[in-house]
There are 2 protein chains.
Amino acid sequence: MTDAGKNTNTIAAQVTGKPTLKTISKLSGLAIPTVSRALSDAPDISEKTKKKIREIAAEIGYVPNRAGVRLRTGKTLVISLILGPDSELMPHTAQLIGSIARALRETPYHLNVTPYLPDDDPMKPIRQIVENRLADAVILNRTQADDPRVAYLLEKQFPFATHGRTNMSDRHAYFDYDNAAFGDFAVRHLAARGRKRIALLAPKQNQLYATHMIEGALAAATDCGVSLTVLDDVDSDARIDEIRAAIALRLKDNPDVDALITASGVAAMAAAAGAKSAGREVDIFGKEATSILRFCNPNILTLREDAARAGAFLAEAVVAALNDPLGAPKQGLQVPSEADFNLA
Amino acid sequence: MTDAGKNTNTIAAQVTGKPTLKTISKLSGLAIPTVSRALSDAPDISEKTKKKIREIAAEIGYVPNRAGVRLRTGKTLVISLILGPDSELMPHTAQLIGSIARALRETPYHLNVTPYLPDDDPMKPIRQIVENRLADAVILNRTQADDPRVAYLLEKQFPFATHGRTNMSDRHAYFDYDNAAFGDFAVRHLAARGRKRIALLAPKQNQLYATHMIEGALAAATDCGVSLTVLDDVDSDARIDEIRAAIALRLKDNPDVDALITASGVAAMAAAAGAKSAGREVDIFGKEATSILRFCNPNILTLREDAARAGAFLAEAVVAALNDPLGAPKQGLQVPSEADFNLA
DNA sequence: AGAAAAATCTATAACGTTTTAGATTTTAGA
DNA sequence: TCTAAAATCTAAAACGTTATAGATTTTTCT
């Protein structure tokens, strides 16, 4: 303590500025490549050296410079989530984003968000990412059956995972909700409540999720001995009175219908409003992403879709695809369970 | 056409691989630094040269390599959005994220998402970003009055903007909802509907937004000649029957109350459910982020909070802070207007 | 026309990393 | 003990960019 300032007994204290491999190199007396190889656990570095270098690295808090790694390796260490305009309006998207990002904390990858607008060409952001190497992989949030983005990514052999299946699902990683099981569950539940004539609101365009839902619902309806009608979904972007009127009209056209199945929580609320204005007592069964509906109309029954689980799975799936490009793509389905069921 | 393959008349066709400054350098016969400086419009490059280089760059589709730029300049070209655990559950967070990212498309910055969990130290991600230079700036989503993250960022002079004000708001960029105006609007509206005894549900902890809300509501109540009571908010994470009971209890304790003001749409729905179970006819006025409530209970009145506007503002504010670190921080408030008002 | 000044361009270096090939040291084998 | 092989380390180069200082050319002035 007399030789003031000289006897700093920690190495860390001697370091100024952000530590790099050079810092460790100087501190250890070993060459920079040796340090680099030691930290990446290369076989031609002795255990003794590795230990020494790792200790120094830990002590001075060395973190590899991403720009350096990127420039050298050509990797970006970024995974990009493609966000369509409709994704933003879905209440569970934030949870999806958060859970992906949280899962990626265990990896060197960072999550970045690439949005596009309704007027934009959905291919543009994808092409930019692939061509300019803005990310090492992408996650597509809402896919269509014959999604051109999926076709493009497959052709370019660019790693990706999707939230939602496609026609090409056997060839790529995905996570999806098991909508067939949802349709089955909804019909059986409504039938058990004594409902006999169930209608299902499905979008006019041939969406895969709707196909699955109808499939499951139809089979269950046959099994339970109740009738199932598929009706055109209403435009949930329309004004509220228009939505109400549209729902009421469908109910008027189908006077025997005593239950409605909808694909989303918002649609369920719209359906409830429409049924009320038509003066009809119908049960409504919807798939919801957040549990906001539980406060609502007692006739609304829901199954919760777990966005956090989807996000965690997608993150793992896309990292797996990066680590093993030739391996079988990871694929997952959320099968609805009683635990997801909320009475309003 | 006879000299097959040789007479490609476009420069682009001669380029193989991703074009770099080197490519343009070879194509133009000029040195790499000249190309670089020409593209950044440096004063010591002739207009003729600039034009030539810009043309070649455009033709071959040159895009600067981010890793190269980053390594050289020390900038990351990344702006990080810090997402707390509660942010994920708010339905408008996705819109906020999307609108920030969309606004950033006009800039060289990319948006990445840094989440943290309830158990995590909220300071940790911030410190990591600052210390390891993982981003050039951050956006904080939900701030507290004396937010330690804000204090830290101010001390480190790290560029940032917040969604929500703090005690230090005069020193940083922010966007916030004008909760005082919301309180004012809600009270006046309820008073105009003939309500006389209004209660406001506010969180126990001293949140800035609640302070503002109460402030505005109190002044308006005095002005309109109605009474205003502030009640403890209920825990919206609790089970539905607990929430119902809690709301009902508050109404029982305040038998004259004929209207409730809540800070969020979810809280409004919870309040509606509670009021119903207490057998009370009260109007409910809530601030909501999405327009989901319009389908709901006719007694729920809402003002819409525009998350997209907040996101766009925050993106601009943070980029402004990056471009002019010494300039006055951009600050914005969303003042509620009749246009945001939705009758259920 | 010649020198000084201005305009325009280039060579070099550096950011931090990893890969390759080669150098050195140590160990094993005879 | 000497050589061959194995183990361990290092030198050099490269990824693509920009900053600095210096070189060259052109213009301006006397």
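Sequence lines set the chain letters: A, B, ... in the order given, protein chains first and strands last, and positions in each chain run from 1.
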Practice prompt. Measure from CZ on R70(A) to P on dG16(D) and round the result to the nearest Å.
Written response: 15 Å
Discussion item. Strictly below 4.0 Å, N to O, side chains only: are E47(B) and K51(B) in salt-bridge contact?
Written reply: no
Discussion item. Could you check whether D121(A) pairs with R149(A) (Lys NZ or Arg NE/NH1/NH2 to Asp/Glu carboxylate O, under 4.0 Å)?
Written reply: no
Worksheet item: How long is the line joining CD1 of I32(B) and C1' of dA14(D), in whole Å?
Response: 12 Å
Worksheet item: Side chains of T93(B) and S87(B): do they bring a donor and an acceptor to under 3.5 Å?
Response: no
Discussion item. Assess whether a salt bridge exists between D176(B) and R165(B), defined as any Lys/Arg side-chain N lying under 4.0 Å from an Asp/Glu carboxylate O.
Written reply: yes
Worksheet, complete the sentence: Answer for the Watson-Crick or wobble partner of dT17(C), both distances under 3.5 Å, is dA14(D)
Discussion item. Looking only at the side chains, is there a donor atom on one of T162(B) and T143(B) sitting less than 3.5 Å from an acceptor on the other?
Written reply: no
Fill in: Length of the line joining R72(A):CZ and dC15(D):C1', which is rounded to integer Å
7 Å
Item to complete: Figure out the CG/C1' separation between D44(B) and dT20(D), and round it to whole Å.
Response: 11 Å
Worksheet item: 5'-most contact on DNA chain C: S46(B) or P64(A), nearest heavy atom basis?
Response: S46(B)
Worksheet entry | I45(B) CD1 to dT25(D) P, straight-line distance once rounded to whole Å | 16 Å
Worksheet, complete the sentence: Of R37(A) and A67(A), the one whose nearest nucleotide on DNA chain C sits closer to the 5' end is A67(A)
Worksheet entry | Lys/Arg-Asp/Glu bridge criterion (N-O < 4.0 Å) met for E131(A), K156(A) | no
Worksheet item: Would you say a side-chain N or O of S36(B) is under 4.0 Å from OP1 or OP2 of dT17(D)?
Response: no
Discussion item. Students often get this wrong, so: under 4.0 angstrom with heavy atoms, is S40(B) touching a base, only sugar-phosphate, or nothing?
Written reply: nothing
Fill in: Separation of atom CG in N65(A) from atom P in dG16(D), rounded to whole Å
17 Å
Fill in: DNA chain C: 5'-most and 3'-most nucleotides touching chain B, 4.0 angstrom heavy-atom criterion
dT8(C) to dG16(C)
Practice prompt. Would you mind classifying the nucleic acid contact of L21(A) as base, sugar-phosphate or nothing, using non-hydrogen atoms under 4.0 angstrom?
Written response: base
Worksheet item: Does a side chain donor of either T166(A) or H172(A) reach within less than 3.5 Å of an acceptor in the other side chain?
Response: yes
